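A quick write-up on the structure given underneath.
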Number of protein chains: 6
Amino acid sequence: MREALAEDFGLGGDLTSEATIAAGASGYGALVAREAGTLAGLDAALFAFRVLDPEATFEVFRRDGDLLEAGTRIAVIAARARALLGAERTALNLLCHLSGIASATARLVAAAAGRCAISETRKTLPGLRALQKYAVRAGGGRNHRMRLDDAILIKDNHIALAGGIAAALAGARARAGHLIAIEIEVDTLAQLDEVLEHVAGVDAILLDNFSLGDLREAVRRVDGRVPLEASGRISAASVAAIADTGVDLISSGALTHSAPALDIGLDIAS
Amino acid sequence: MREALAEDFGLGGDLTSEATIAAGASGYGALVAREAGTLAGLDAALFAFRVLDPEATFEVFRRDGDLLEAGTRIAVIAARARALLGAERTALNLLCHLSGIASATARLVAAAAGRCAISETRKTLPGLRALQKYAVRAGGGRNHRMRLDDAILIKDNHIALAGGIAAALAGARARAGHLIAIEIEVDTLAQLDEVLEHVAGVDAILLDNFSLGDLREAVRRVDGRVPLEASGRISAASVAAIADTGVDLISSGALTHSAPALDIGLDIAS
Amino acid sequence: MREALAEDFGLGGDLTSEATIAAGASGYGALVAREAGTLAGLDAALFAFRVLDPEATFEVFRRDGDLLEAGTRIAVIAARARALLGAERTALNLLCHLSGIASATARLVAAAAGRCAISETRKTLPGLRALQKYAVRAGGGRNHRMRLDDAILIKDNHIALAGGIAAALAGARARAGHLIAIEIEVDTLAQLDEVLEHVAGVDAILLDNFSLGDLREAVRRVDGRVPLEASGRISAASVAAIADTGVDLISSGALTHSAPALDIGLDIAS
Amino acid sequence: MREALAEDFGLGGDLTSEATIAAGASGYGALVAREAGTLAGLDAALFAFRVLDPEATFEVFRRDGDLLEAGTRIAVIAARARALLGAERTALNLLCHLSGIASATARLVAAAAGRCAISETRKTLPGLRALQKYAVRAGGGRNHRMRLDDAILIKDNHIALAGGIAAALAGARARAGHLIAIEIEVDTLAQLDEVLEHVAGVDAILLDNFSLGDLREAVRRVDGRVPLEASGRISAASVAAIADTGVDLISSGALTHSAPALDIGLDIAS
Amino acid sequence: MREALAEDFGLGGDLTSEATIAAGASGYGALVAREAGTLAGLDAALFAFRVLDPEATFEVFRRDGDLLEAGTRIAVIAARARALLGAERTALNLLCHLSGIASATARLVAAAAGRCAISETRKTLPGLRALQKYAVRAGGGRNHRMRLDDAILIKDNHIALAGGIAAALAGARARAGHLIAIEIEVDTLAQLDEVLEHVAGVDAILLDNFSLGDLREAVRRVDGRVPLEASGRISAASVAAIADTGVDLISSGALTHSAPALDIGLDIAS
Amino acid sequence: MREALAEDFGLGGDLTSEATIAAGASGYGALVAREAGTLAGLDAALFAFRVLDPEATFEVFRRDGDLLEAGTRIAVIAARARALLGAERTALNLLCHLSGIASATARLVAAAAGRCAISETRKTLPGLRALQKYAVRAGGGRNHRMRLDDAILIKDNHIALAGGIAAALAGARARAGHLIAIEIEVDTLAQLDEVLEHVAGVDAILLDNFSLGDLREAVRRVDGRVPLEASGRISAASVAAIADTGVDLISSGALTHSAPALDIGLDIAS
């Protein structure tokens, strides 16, 4: 948050608050949801006010992961008035973004109704991955891999460049330490069959853009030997049907790259 | 991009590519639009490949600000295959996000049809403000203020804490250097009238959440003395009607906080 | 200040204080002006002692912007003796530099006697711009633009490369957002006349190295339509006469690039 | 220089050059001395242009340490016009500051006429110490200690807190490694005598604010056993007389904290 | 390497080389092993010379992972003489440290003779983990987890605080995403039996400080259901016997925290 | 420590502790020596727990430089249980490393029995020099130079490139400021004689890889005119004999590049 505040304050600081608010004036700000959703990022948001006013105090009514209705009061901040207005935008920018991700995740989790898990992907924004993935957890999702170095995920291009599924899996097993999981993406049932021939040491299979029928057939063929992940054009509308096919996990890049911000505002009183 | 790549590579690097692709193998990757939109962020995206392979070369067919159709080839990268796959996600994450912003901006610009300008706000993501505001320009928008220190924008809370419009404007004029513009937000026509009584030195007035009728009336009352900005619940559907009222500028926070990513992919061939 | 202290302490720390002062010894240090001037940078200077001794306490008698006489006690610091001596030079380096700038500014402000404002330029030192511009404000000056991105200032080279004053101003208006001010520099009365032909949207005119007579004539021709800034070889001796011409602002690069440090010392007692 | 350029460009970049100069235009810039002095910092200044235009080329006529006359052409830069204007201020800010220090040093060195060395102190600006001390060398000076950790310099407060000269020197000898020099400051001839009683292991003695007569007497009493440094109110006018007393070194804080910038400009041609 | 060179050069640079070597002099430096071992870190070491002399060229005879004899020439660097001597220590510090780790690893790998894998732990030095773990791979080892966030490793304290093995494993399964492996440490055969009752979802078991007899018994009881790792007081002398017990992996913290540097020198010729 | 913790926590944090320990649980951790040695780095180690739990409290029984027996309790930490386990490895990694250096130093200091000083070299690890050199002091050693810029140490290659001992010393005297010590390395008694011919201004002579007989002879020839340092293949076994030769200082690179970690553990109780 310190860097985000510096990005907003520049070299000259908050000219408007300096020009219009007495240095010593104090006030209250209430974080209030303007629409329904799921909260994420509250601690970071509150910290922005603390940075500008080390003596700011907080009364907190909701926690990350809590459901919000339009009008829900999330927290009240008592601080110097200049700090309230100076940190407002920086705090809300992060809070609304992360709550937007949590809300989108919670919608998919609700649609899946416990039949399968919901996960994001590595389609995150530069510098924000840890926070965005945290917001997915706040929304009830489970995290996919964090980076390129904590699991092996073999995609179509890797298969092509390795010279086929068998060769790619052999390479993966040779490189992976004993705590590195291996997942492989397949685009067709035929590819799935080929993976199943070399399934030892495979920790998950990603079924990319499969039809519902093919997903069901894949579940049947795998028969519980290895977890199955479905991806590709996931939406709140399609999740229930996909979950019904019996896959273990549905992953959606849109959770982090296209979730609209949740509208949360700061009501200020002196 | 270096930091974004470090965030993705962690301490161990791209395990999958190391495991499946020979170190010396080279390949080609084509950046291809999967849907229609406006391009932004190409140089940064290409730079990601250059970081991983200093000898990567590029053939570029489209530039930032260009319109893309589904299927448009944007650029082709020749590089080591491990660099293509290692940088793919980081490059696309930024490119799709910025192009999403440019595309959303271009849609509002098209709807305004030249009758007024389109601008974003300070509702940006931490660390990404410069890039997001650049994307707005790539989409044909004009930038609002960059930070808290390059212009004064007096909002409702500032007015309340200053003790009224006249006091707030007086404070602003006393603080602003000769190159600092002053804008003031009003919520009602009555407030507008009060501002007009002290309009000397005011560079713009922000009409927040005005109805179309009130916008028209505001335009009539101001009569060209100072530029007018409309904000609040802006969408592609509402922009044309707002532009018709005669305001000079429409600003939309959603351009940067809620624009969905534009779908651009990397087709790899060896 | 943390980085400045690290620059001074290096890898081994303050050898002299470790060698000569008991670890637990405490003491007092009084910041005392050795010559008359204007104070700036006190909070940062005091913070240096706090970094080395988190339990340091301060009694403060003067604030930034206050006038100092030779002998004025500015503040008293109670801290561990090693912290007093270890932070002394770092604290004074910044305090004397910023107070030097504030003092030089205050001299010009006094000479202008309220007839016009005094401003610095972008002739600042790397990494110190925010602090140096703050010191100008502490001395009663008003800030010129902070950076290249918060206002447009068209100079002779821009005019030449743009193909003339009209073209340069047209380019500026096309690029500037609604909160970006536009200033243009002219070297002669003839150029001033050309600017006045295209004066709509020009927020200020910089008269560079004009004689007193030409400044008066420029004020007459502009007749209040746009603020006028005078620059070039500004000194305490010349400011009064320039202010008499009727310009609105005098800017001086020497305020930040050549102001001598104000002599402030630390008197230590155990 | 990268950080200094970032400080100047902010989030939006050089608006004026973007608005007035075609992206592809190229030009020439000549660094020209506007007054006589000594050059320092040329490589860093030229690097600023290279950062903005990696294909910038330089023709260099003068090197750091060279004497400049008013009108001397120092170097010519061929680069894109936007890069010339965008880097101009950042490059000149550093070049003029460092050349100002080198010029002030060279004046003292000339006044000393080889009878003693000239040195700066630790009175430098935050973040600029290495460059400022380099500029002193470029002006013909010799560096005093770089930081608190590379030599021991016992001042009056250290003596007081250690409990006297003998105790302070004993502490210093116990703490110093075999490559750490020890210098001690004295304010009176009586203190000097006390130091001479414990002079083993003392590498230099600093005579602070001694009169010319006392300096001569100190030289006589020390009789070459240890180098002597004179400090306090040093100016170009006083250096010759001080050098005549026979001290080995004169140190001046003003070299780095109060040297006026040397006026060097950039003449641009397309 | 840039930061490591900055740490060594400080503010004043390599005084000795400046004092004794002409600025333009060039030379050759040969990296030569002074004792037998395994190479790691060559690219980083060579890069240090490139930083000081961008035109340095390299002839490389050995690669990371290669065995070295006393006297083996690893590479020859042609560069400016000041760059050779200025970068020598920084380059060798890293090269000797990483080659020391690779050599220690290679000794254990050789002792294991392919019967089991060799791995390091998280007992690395601050800031050097990625490089130290890379050196283990260069020595033929396989990496254990990189950080706390890429796998779950339940130790005795976690078991105690969770309320037992069953509760700890249940918590782990609930928290882990589908690509997060779970390992659990046991200290006794009785604990092993308890783990085996809840072995579903356990990816590895760590047998800490087991006797050879207990290791053999553990291997018998687990019977290939899950990989087994042995740790605790591992040395080149004990590895063969431990490998004979049938465990899959031996991990040693000493590889990274106590491996002596490999003696590699730089022979310089002009 | 913040960076070291970030290196260990990555983007996802301490998964294991989150999975197995209640967020609010608190506990105690005792730092206990598992073998005899000398303590160094306690404050930094304790700070790691404070970073994760700002309310952590410490009871400290031993200080840096204290001797430890196997079983000695060093300190007890009361903190949240997740903080104890999350910071454990990072804290111990540094503490065991620095205590290992202090212990190795203390062994050499004991062997020298006060007849000469013990020093490390510049053979340190990237980013850790200040801490490693501090640990040498904690073990009773005296620091050699910190960096390349705080003393001149002329080695064989410098002599060769300068054109001989006389030329190298002349260059050093010309470059060194009055507080920069000059040391020169010799490999033979003949070289020593040549140095003695130009010994004015030489602060120390380094006798590299001299036999015991040659060391004695060197001590005889120098006869106290300048301090002598012995280096090359130093071990606890050889120090006593070398100290007996009468040299003033023995330096050992192995103190920092090859000292094994001291085994210190954290015993946790809830």
Side-chain angles (χ1 to χ4, degrees), chain A residues 1 3-4 7-21 25 27 81 85-86 89-90 92-94 96-97 100 122-129 146-155 157-162 167-168 171-172 174-176 180 254 257-258 260-261 268 270, chain B residues 1 3-4 7-21 25 27 81 85-86 89-90 92-94 96-97 100 122-129 146-155 157-162 167-168 171-172 174-176 180 254 257-258 260-261 268 270:
Chain A
M1 290 310 281
E3 288 176 25
E7 188 184 33
D8 200 25
F9 274 64
L11 302 176
D14 181 1
L15 300 184
T16 313
S17 295
E18 283 183 42
T20 58
I21 306 175
L85 283 155
R89 181 54 29 228
T90 300
L92 290 178
N93 282 349
L94 190 64
C96 297
H97 177 64
R122 279 171 45 246
K123 295 182 179 177
T124 59
L125 287 170
L128 297 174
R129 181 169 289 177
M146 284 284 164
R147 289 162 304 256
L148 290 166
D149 79 340
D150 56 356
I152 287 180
L153 175 43
I154 302 169
K155 299 194 176 179
N157 286 312
H158 298 108
I159 294 171
L161 287 157
R175 176 66 179 82
I180 296 293
H257 70 58
S258 295
I268 294 181
S270 58
Chain B
M1 291 309 282
E3 288 176 25
E7 188 185 33
D8 200 24
F9 274 65
L11 302 176
D14 181 2
L15 299 184
T16 312
S17 295
E18 283 183 43
T20 59
I21 306 175
L85 284 155
R89 180 54 28 227
T90 301
L92 289 178
N93 282 349
L94 190 65
C96 297
H97 177 65
R122 279 172 44 247
K123 296 183 178 176
T124 59
L125 288 171
L128 297 174
R129 182 170 288 176
M146 283 285 164
R147 287 162 306 256
L148 291 166
D149 79 341
D150 56 356
I152 287 180
L153 175 43
I154 303 168
K155 300 194 176 179
N157 286 312
H158 298 107
I159 294 171
L161 287 157
R175 175 67 179 83
I180 295 293
H257 69 57
S258 295
I268 294 181
S270 59

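Reminder, nothing fancy here: chain letters follow the sequence lines and each chain counts from 1. Predicted model, so just to flag it, every value in this text is computed and none were measured. Heavy atoms only: backbone and side chains are in, while hydrogens, waters and symmetry mates are out.
- Ranking B/L94, B/L128, B/L92 against chain A, the residue ahead of the rest is B/L128, based on heavy-atom pairs under 4.5 Å.
- Among the candidates A/N93, A/D8, A/T90, the single residue satisfying the side chain to side chain donor-acceptor pair (under 3.5 Å) test with B/R122 is A/D8.
- For B/A151, the part lying under 4.5 angstrom from a heavy atom of chain A is the backbone only.
- Of the residues considered (B/S17, B/G12, B/A167, B/G13), B/G13 shows the highest number of contacts with chain A, using heavy-atom pairs under 4.5 Å.
- Using a 4.5 Å cut-off on side-chain heavy atoms (C-beta onward), B/R89 and A/K123 make contact.
- Annotation: maximal heavy-atom pairing with chain A below 4.5 Å, among B/I21, B/I154, B/L125, occurs at B/L125.
- Of the two parts of A/A25, neither the backbone nor the side chain holds a non-hydrogen atom closer than 4.5 Å to a non-hydrogen atom of chain B.
- Side-chain contact check for B/D149 versus A/L11: some heavy-atom pair is nearer than 4.5 Å.
- Using a 4.5 Å cut-off between heavy atoms, A/L85 touches chain B through its side chain atoms alone.
- In terms of modelled atom types and a separation under 3.5 Å, the side chain of A/S258 and the main chain of B/A261 share a donor-acceptor contact.
- Proximity to chain B is absent for every atom of A/A254, based on heavy atoms less than 4.5 angstrom apart.
- Two residues are said to be in side-chain contact when any heavy atoms from C-beta on lie closer than 4.5 Å; A/L148 and B/T16 fail this criterion.
- Of the listed residues (B/A4, B/P260, B/A174, B/A81), the greatest number of heavy-atom pairs within a distance under 4.5 Å of chain A belongs to B/P260.
- Note on A/A172, A/G171, A/G27, A/G100: by heavy-atom pairs under 4.5 Å with chain B, the leading option is A/G171.
- Among A/G10, A/A168, A/C96, the residue with the largest count of heavy-atom pairs under 4.5 Å with chain B is A/G10.
- Note: B/L15 CG to A/D150 CG = 8.0 Å, rounded to the nearest 0.5 Å.
- Between B/R175 and A/E18, at least one side-chain nitrogen of the basic residue sits less than 4.0 Å from a carboxylate oxygen of the acidic one, meeting the salt-bridge criterion.
- Contact check for B/K155 versus A/I268: no side-chain heavy atoms found under the 4.5 Å cut-off.
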